Amino acid sequence: MLHSPSPKRALVTGITGQDGSYLAEMLLNKGYEVWGMVRRHSSTAYDRIEHLLEKGASDQGALHLVHGDLRDTGSLLKILRQVRPDEVYNLAAQSDVKVSFDLPEYTADVTGLGPLRLLESLRELDLPSRFFQASSSEMFGKVQETPQNENTPFYPRSPYGSAKAFAYHNTRNYREAYGLYAVNGVMFNHESPRRGDSFVTRKITMAAARIQHGLQNMLLLGNLDARRDWGFAGDYMEGAWMMLQADEPSDYVLATGESHSVREFCEIVFEELGQPITWHGRGLEEYGQAPDGRKLIQISPEFYRPSEVDMLQGDASRARELLGWQPSVSFRELVSMMLAHDLELVERDAARADVA
Ligand code: NAP
Ligand code: G4F
């Protein structure tokens, strides 16, 4: 009798986050047994993976959740010993750059030391698991060249960027020192309808949808001229998976190659809503106006950072050439996708409120 091979097992930290939910979905559809590490919350915070937890949500794989925390080495050792994963995707982090200025030590602990604890646990247990570290373009900070690629020197501009650089170097070092299959995906900004609402793209699409429905008057923003290389989160998780399937472990940049400003993002959103913005004033006095004269956007110093990353633009040629990876969603499509989702969300909430 022929036995089908047992499914591959993946451990995903940060499964409740934006990327974790897309990755889990993708792995389940590939037939993986997925183990998600979750933190204890006073109320459950599984909104992004609820659909995966429902029985029969995936055609093939199975999803299991286990409690753990990147700050607690004992929990990591216990989970790794129990799951013995073929692949570990470390997506967990304190991932908010602005918050990292308020919580620098905490960010260093979770985002910097957390990956080291995972790597050391893998080494200690002598597991052959392949390890993916969610590294960040924030490490390039005050960029030393444009576009940024695998050889561009780092110049982090936030406690978050420094913590990610620490984790990046440790991932490389565990590969070189101990022969672990450990890789860095140096990912530029990636967004989706599941993006946390404190990040600028989602903050804009949510606010615009609410303004359109008369639930909010204005949107307060910080630096409108910051530029980012924004892609779609699902594409970046496909890239993470591809990295762990390669014959040799290596680090790759994942990016679209295009850079757009926060200002452009706002312009496209309000243009799609039929309210093209005109800009008036300068500096902190600048504001964005609707054709009927309403102020739609105002600057608030609250959303500026002590030190800013002015522009990011990645060069993912290496991932394209060696892994065959490329982004599938354009900047315009991404903006439209997020706006359409948030308009629907606001309409649904409004309809519910009418019924109640
Ligand atoms: P996210 O939505 O903020 O998700 C972060 C995840 O980490 C959540 O599941 C969170 O759990 C978990 N987490 C936080 N602290 C933890 C701890 N101490 N122990 C265990 N889990 C913890 O982030 P994302 O946008 O999906 O990003 C995923 C990863 O990619 C992060 O490492 C981020 O730094 C990195 N990255 C993201 C981007 C991007 O543009 N999205 C770009 C480059 C790199 P709770 O639900 O319990 O809070
Ligand atoms: O959306 P953001 O908060 O993302 P940021 O700082 O680029 O970080 C994200 O991408 C990194 C990859 O490069 C990840 F590693 C990290 O985990 C995270 O996912 O801000 C984008 C830009 C910044 O320059 C910020 O100053 O938008 C500017 N901005 C202007 N007004 C604002 C606002 N950002 C936020 N969050 N809120 C504002 O009101």
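Just so you know, these numbers use all the heavy atoms, side chains as well, and skip hydrogens, waters and symmetry mates. First listed ligand is number 1; within each ligand, the first listed atom is number 1. This structure is a prediction, so every number in the text was calculated from the model and none was measured.
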Kindly identify the option in [options] whose heavy atom sits closest to [atom].
atom                    : options                : result
atom 20 (O) of ligand 2 : Arg305, Lys203, Glu308 : Arg305
atom 28 (C) of ligand 2 : Val262, Asp310, Asp19  : Val262
atom 4 (O) of ligand 2  : Val97, Thr111, Asn189  : Asn189

closest protein heavy atom to atom 27 (O) of ligand 1 is Asp19 OD2, 3.5 Å
Would you call Lys8-Glu87 a salt bridge at under 4.0 Å N-O? yes
Note: Ser135, heavy atoms under 4.0 Å from ligand 1, region reported as backbone
Can you give each donor-acceptor pair under 3.5 Å made by side-chain atoms of residues 320-329, sequence neighbours left out, with the distance rounded to 0.1 Å?
residue, atom, partner, partner atom, Å
Trp325, NE1, Asp235, O, 2.8
Ser328, OG, Asp235, OD1, 2.8
Ser328, OG, Asp235, OD2, 3.2

Could you check, using the six-membered ring where one of them is a Trp, whether Tyr89 and Trp241 have ring centers closer than 6.0 angstrom? no
Tell me if the centroids of the rings in Phe154 and Tyr168 come within less than 6.0 Å of each other.
yes
Residue set satisfying ring pair (Phe, Tyr, Trp, His ring centres under 6.0 Å) with Tyr181, at least two apart, ordered chain then number -> none
With heavy atoms and a 4.0 Å threshold, my read on which part of Tyr160 contacts ligand 2 is side chain
> Does an N or O from Ser198, backbone or side chain, lie closer than 3.5 Å to an N or O of ligand 2?
Replying inline: yes
